[in-house]
Amino acid sequence: MRGNVIKIERTSSRSGAVEEPAITAKGYQLADPAHGKHKHHADHATYVKTLDEAATLIERGFSLWMGAKGKRASLIAPKSLRIVRQDVALVD
């Protein structure tokens, strides 16, 4: 049996940290470019449950909040993100 694994990576992480998409109680938090310079405001946030949904929005120009242990999450522009899709064998 096969399945897809999606990873979203920052192309240049802050030094000393491996950043991951930040997940909240509402899901992965993204920012809609339609809100211009106010897109980073919490009241304009878009939340999705899966990385697959996040990847789709990033491909449409949304930014993604990413963080690392001990580092505050920051908003990363889609041009600074890489979406990695892998087809993997699933264990039964």
Side-chain angles (χ1 to χ4, degrees):
M1 188 171 181
R2 302 209 55 91
N4 289 318
V5 173
I6 293 181
K7 289 177 24 179
I8 299 174
E9 303 170 338
R10 186 172 179 181
T11 56
S12 357
S13 289
R14 292 178 272 189
S15 64
V18 176
E19 293 180 90
E20 300 284 337
I23 189 158
T24 71
K26 295 179 181 180
Y28 296 100
Q29 184 177 357
L30 296 101
D32 187 341
H35 296 291
K37 66 181 182 178
H38 300 287
K39 68 183 173 191
H40 65 284
H41 293 191
D43 56 332
H44 295 306
T46 299
Y47 296 93
V48 295
K49 297 292 181 191
T50 68
L51 285 177
D52 189 40
E53 292 171 299
T56 298
L57 291 177
I58 291 164
E59 290 168 341
R60 291 181 33 208
F62 282 64
S63 299
L64 176 68
W65 288 93
M66 295 190 75
K69 187 173 182 139
K71 301 273 187 188
R72 182 178 173 178
S74 58
L75 188 59
I76 311 302
K79 67 181 179 186
S80 297
L81 296 169
R82 177 178 30 248
I83 298 166
V84 180
R85 290 184 169 91
Q86 297 174 319
D87 185 37
V88 296
L90 300 175
V91 178
D92 290 325

For residues [X] and [Y], report the shortest heavy-atom separation together with the two atoms involved.
X	Y	value
I8	A55	CD1-N, 4.0 Å
L30	F62	CD2-CB, 4.0 Å
A54	V48	N-CG2, 3.6 Å
P78	I58	CB-O, 3.7 Å
I76	L81	CG2-CD2, 3.6 Å
W65	A73	CZ3-O, 3.8 Å

Item to check | Derivation and outcome, side chain to side chain contact (heavy atoms under 4.5 Å, CB included), residues E19 and S74 | outcome: CA-CA 10 Å; E19 293 180 90; S74 58; 4.0 Å; yes
Interatomic spacing from [atom1] in [X] to [atom2] in [Y] - rounded to 0.5 Å:
X	Y	atom1	atom2	answer
T50	I23	OG1	CD1	9.5 Å
L75	M66	CG	CE	11.0 Å
I83	K7	CD1	NZ	13.0 Å

Next on the checklist: Let's go through I6 and R85 carefully: what are the C-alpha distance in whole Å and the side-chain angles of both, what is the deciding distance for side chain to side chain contact (heavy atoms under 4.5 Å, CB included) to 0.1 Å, and is it a yes or a no?
Outcome noted: CA-CA 5 Å; I6 293 181; R85 290 184 169 91; 3.9 Å; yes
Item to check | Side-chain (S80) to main-chain (R10) donor-acceptor, under 3.5 angstrom | outcome: no
Next on the checklist: Under 6.0 Å between ring centres: does that hold for H35 and H38?
Outcome noted: no
Next on the checklist: What verdict does the side chain to side chain contact (heavy atoms under 4.5 Å, CB included) test give for H44 and K39, after you've listed the backbone C-alpha separation in whole Å, the side-chain angles of each residue and the deciding distance to 0.1 Å?
Outcome noted: CA-CA 6 Å; H44 295 306; K39 68 183 173 191; 5.7 Å; no
